[in-house]
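Structure, as structure tokens:
Order of the sequence lines fixes the chain letters, A, B, ..., with proteins taken first and strands second; residue numbering starts at 1 for each chain. Everything numeric here is computed off the predicted structure, so don't read it as measured data.
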Amino acid sequence: MIDLDLLRDDPDRVRASMEAKRIGDPSAVDAALDADRRRREAVTELDGLRQRQGELGRQIGPLMKAGQRDEAAPLLKESNAVKAQVKELEDAVRDLDAALRDAMLAIPNPIHASVPVGGEDANRVEMEWGDTPTFDFEPLPHWELAERHGLVDFERGAKVTGAGFPFYVGKGARLQRALVTLFLDLATEAGYTEVQAPILVNEDSGIGTGQLPDKEGQMYHVTGDDLYLVPTAEVPLTNYLRDEILAPDALPIKLTGYTPCFRREAGSYGKDVRGLNRLHQFDKVELVRFCPAEESYDHLEELLADAERAVQALGLPYRRLTLASGDLGVTQAKTYDLEVWSAGQGRWLEVSSVSNFEAYQARRANVRYRPAEGEKPQFVHTLNGSGLALPRIVAALLENGQQADGSVVLPDRLAAVAGFDRIG
RNA sequence: GGAGAGGUGGCAGAGUGGUCGAAUGCGCCGGUCUUGAAAACCGGAGUGCCCUCACGGGUACCGUGGGUUCGAAUCCCACCCUCUCCGCCA
């Protein structure tokens with residue numbers, strides 16, 4: 001949710017940002033402004049009527065008690081008339097509230113000034129880290145390595161559930177477990193509090209972080225109980241503090257959590273679907289921060305460094321991108337992506353997305369803090385980033401670590417957690 | 001899943017139709033007193049929305065949403081959650 005004051009004061013900026021993001025219909029701005037104006041008129045009138053209603057009630061009370069029905073009669077008549085008007089206006093305000101809310105939810109978060117404007121080709125590569133491996137043989141893609149070593153069973157996953165729900169087997173499974181442990185340990189070292197979160201969330205939580213209503217089709221919906229499988233731990237971790245007012249000394253709050261993530265990936269069939277590149281269920285460790293508004297861009301850089309440290313711990317070559325406006329989602333003001341080099345596929349794979357949502361999610365989820373004792377509550381800023389998403393990390397580990405004999409050598413830091421240093 | 005009890009301000013806990021945003025206690029903030037502190041005493045203190053340049057005023061909120069009534073924390077309906085017992089179960 002954007003700031004209603006911003007919308008009132010500078011609707012052009014909001015429209016320009018929508019165009020830069022290439023999201024939504026700019027007419028939502030006018031719809032919101034119109035609903036806002038009409039709502040305020042209606043509320044002002046409604047409050048006046050309620051005031052009159054209260055006055056009448058206070059006069060009628062004593063009269064009724066004293067049995068002076070005749071004295072009360074004209075007052076009762078007026079009160080009944082006011083009552084009808086109040087009812088009418090309440091309905092009107094309710095409709096206008098809903099209209100305003102719908103329009104506001106359809107307006108994306110304005111981009112930060114440092115975000116390059118443009119489409120995907122305007123994404124800015126900020127840096128590359130590590131050396132991409134060279135081979136004196138033809139490196140294999142990870143799905144061939146995984147099959148050779150029996151690490152991932154896609155066919156049985158498809159049988160038991162469907163495409164995109166693989167089994168990890170033997171060292172494949174142990175590798176998953178080791179990566180989760182390693183990433184959580186790194187986050188703990190960086191000062192995050194580990195949280196084990198529910199992986200089913202309700203509708204309010206989906207709205208709070210911005211998946212709902214506009215990405216409804218991307219989430220698995222358990223209709224029997226009207227709950228949603230989380231597409232990322234961001235949803236439960238950020239909603240952890242929903243509808244709360246935090247004490248002055250509570251911020252910053254840093255949470256980390258591992259969850260499986262479920263994504264329907266509707267509309268992306270046939271794109272990047274080989275192997276582990278794109279799955280309906282995958283594992284991810286998420287990093288989430290809550291902080292005061294004026295600190296959030298410092299926290300964004302810190303969070304970015306936290307995510308990069310995880311990639312570096314695995315020794316995987318990667319690059320960092322600042323996403324251009326057209327590649328940003330509804331909720332982000334600024335996002336960095338981290339992409340690891342995938343030697344067997346000869347391409348970069350996104351393994352982390354690190355974003356500042358400013359107050360956009362906080363407004364939707366109503367997460368506030370009191371800057372100082374006695375001061376008015378303010379919305380926090382929320383940030384999050386993958387730290388990291390597993391499948392593509394596994395792909396890169398297999399592809400970059402492969403040897404001429406088909407075996408795979410694991411980086412030391414991971415081997416220490418996994419309990420084995422090579423596969424095959 | 002069945003039966004019962006209950007959801008009130010930071011916490012505890014009154015309030016079962018009228019002037020109740022809500023007693024009281026604890027906690028919290030400010031003050032008086034004190035060399036300082038404690039105790040005692042005095043005062044203050046929720047959130048949203050609307051009007052106002054502001055001072056300030058209005059209004060809503062007692063789990064959530066409806067309803068009855070001139071008037072609802074209080075009565076009615078639905079839902080959610082918590083607790084106790086039974087059943088089931090990792």
Check this one for me: any side-chain N or O of A/Arg363 less than 4.0 Å away from OP1 or OP2 of B/G48?
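Indeed not, no polar side-chain atom of A/Arg363 lies that close.
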
Are [X] and [Y] packed together at the side-chain level, in the sense that at least one heavy-atom pair is separated by less than 4.5 angstrom?
X        : Y        : answer
A/His280 : A/Tyr220 : yes
A/Met64  : A/Ile60  : yes
A/Leu321 : A/Glu339 : yes

A/Arg8 side chain, from C-beta outward: closest of B/C50, B/C70, B/U47
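Taking heavy atoms from C-beta onward, the closest nucleotide is B/C50.
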
Please work out which of the three classes, parallel, tilted or perpendicular, describes the rings of A/His221 and A/Tyr228, given edges at 30° and 60°.
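Judged by the thresholds at 30° and 60°, the geometry between A/Tyr228 and A/His221 is parallel.
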
Who does [N] pair with, Watson-Crick or G-U, both distances under 3.5 Å?
N     : result
B/A45 : none
B/C85 : B/G2
B/A90 : none
B/U24 : B/A12
B/G18 : B/C70
B/A40 : B/U32

Nearest whole angstrom, please: distance from the [atom2] of [N] to the [atom1] of [X].
X        : N     : atom1 : atom2 : value
A/Arg40  : B/C49 : CZ    : C1'   : 11 Å
A/Asn80  : B/U69 : CG    : P     : 9 Å
A/Asn202 : B/C79 : CG    : P     : 18 Å
A/Glu244 : B/G10 : CD    : P     : 12 Å
A/Asp204 : B/C81 : CG    : P     : 13 Å
A/Asp226 : B/C81 : CG    : P     : 12 Å
A/Leu63  : B/U69 : CG    : C1'   : 17 Å
A/Arg50  : B/C49 : CZ    : P     : 15 Å

First of A/Glu375 and A/Leu4 reached from the 5' end of RNA chain B, by closest nucleotide:
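Result: A/Glu375.
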
For A/Ile245 and for A/Ser79, find the nucleotide of RNA chain B with the closest heavy atom, then tell me which residue's nucleotide is more 5'.
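Final value for this comparison: A/Ile245.
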
Pair A/His112, A/Tyr297 - check ring pair (Phe, Tyr, Trp, His ring centres under 6.0 Å), show working.
CA-CA 10 Å; A/His112 187 255; A/Tyr297 280 91; 4.0 Å; yes

Taking only heavy atoms on the protein side, list every residue of residues 97-106 of chain A lying under 4.0 Å from any atom of RNA chain B, sorted numerically.
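None - not one residue of the stretch has a heavy atom sitting under 4.0 Å from the strand.
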
With A/Arg124 via salt bridge (Lys or Arg N to Asp or Glu O under 4.0 Å) - residues at least two apart:
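Partners of A/Arg124 by the salt bridge (Lys or Arg N to Asp or Glu O under 4.0 Å) criterion, ordered by chain and then number, come out as A/Glu126.
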
Determine whether the side chains of A/Tyr192 and A/Arg289 contain a donor N or O and an acceptor N or O closer than 3.5 Å.
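Per modelled atom types, A/Tyr192 and A/Arg289 side chains form a pair under 3.5 Å.
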
Donor-acceptor side-chain pairing of A/Ser27 and A/Asp30 below 3.5 angstrom:
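No pair is found: no donor N or O on one side chain lies under 3.5 Å from an acceptor on the other.
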
Every protein N/O within reach of nucleotides 55-58 of chain B N/O, cut-off under 3.5 Å:
from  : atom 1 : to      : atom 2 : distance (Å)
B/G58 : N2     : A/Asp47 : OD2    : 2.8

N/O contacts under 3.5 Å, protein versus nucleotides 61-68 of chain B?
from  : atom 1 : to      : atom 2 : distance (Å)
B/G67 : OP1    : A/Lys87 : NZ     : 2.8

Contact class for A/Arg52 (heavy atom, under 4.0 Å): base, sugar-phosphate, or nothing?
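If one applies the 4.0 Å heavy-atom cut-off, A/Arg52 turns out to touch nothing in the nucleic acid.
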
For A/Leu186, give me all partners under side-chain contact (heavy atoms from CB on, under 4.5 Å), at least two apart in sequence or on another chain.
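side-chain contact (heavy atoms from CB on, under 4.5 Å) check on A/Leu186 returns A/Leu182, A/Phe183, A/Glu189, A/Ala310, A/Ala313, A/Arg413.
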
Those residues that, when tested against A/Asp36, pass side-chain hydrogen bond (donor to acceptor under 3.5 Å, both in side chains) (two or more places apart):
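Partners of A/Asp36 under the side-chain hydrogen bond (donor to acceptor under 3.5 Å, both in side chains) test: A/Arg8, A/Arg40.
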
With a 3.5 Å cut-off and sequence neighbours excluded, list the donor-acceptor pairs that the side chains of residues 148-157 of chain A form with protein atoms.
from     : atom 1 : to       : atom 2 : distance (Å)
A/His149 : NE2    : A/Gly406 : O      : 2.8
A/Asp153 : OD1    : A/Glu155 : N      : 3.3
A/Asp153 : OD1    : A/Arg156 : N      : 2.9
A/Asp153 : OD2    : A/Arg156 : NH1    : 2.8

Please write out the pairs of protein N or O atoms and N or O atoms of nucleotides 18-20 of chain B separated by less than 3.5 Å, giving the distance to one decimal.
from  : atom 1 : to      : atom 2 : distance (Å)
B/G18 : N2     : A/Gly57 : O      : 3.4

Throw together a table of side-chain donor-acceptor distances under 3.5 angstrom for residues 72-90 of chain A, partners on residues two or more places apart or in other chains.
from    : atom 1 : to      : atom 2 : distance (Å)
A/Glu78 : OE1    : A/Arg52 : NH2    : 2.9
A/Glu78 : OE2    : A/Arg52 : NE     : 2.7
A/Glu78 : OE2    : A/Arg52 : NH2    : 3.3
A/Asn80 : ND2    : A/Leu76 : O      : 3.4
A/Glu90 : OE2    : A/Arg50 : NH2    : 2.8

Please tabulate, for the side chains in residues 243-257 of chain A, all donor-acceptor contacts under 3.5 angstrom to protein atoms that are two or more places apart in sequence or on a different chain.
from     : atom 1 : to       : atom 2 : distance (Å)
A/Asp243 : OD1    : A/Asn366 : ND2    : 3.2
A/Lys254 : NZ     : A/Ala190 : O      : 2.8
A/Thr256 : OG1    : A/Glu286 : O      : 2.9

Got a list of side-chain donor-acceptor pairs under 3.5 Å for residues 91-101 of chain A, not counting sequence neighbours?
from    : atom 1 : to      : atom 2 : distance (Å)
A/Asp97 : OD1    : A/Arg39 : NH1    : 3.4

Can I get a per-line list of side-chain donor-acceptor pairs under 3.5 Å for residues 167-178 of chain A, giving both atom names and the distance, sequence neighbours left out?
from     : atom 1 : to       : atom 2 : distance (Å)
A/Lys171 : NZ     : A/Arg422 : O      : 3.1
A/Gln176 : NE2    : A/Asp283 : OD2    : 3.0

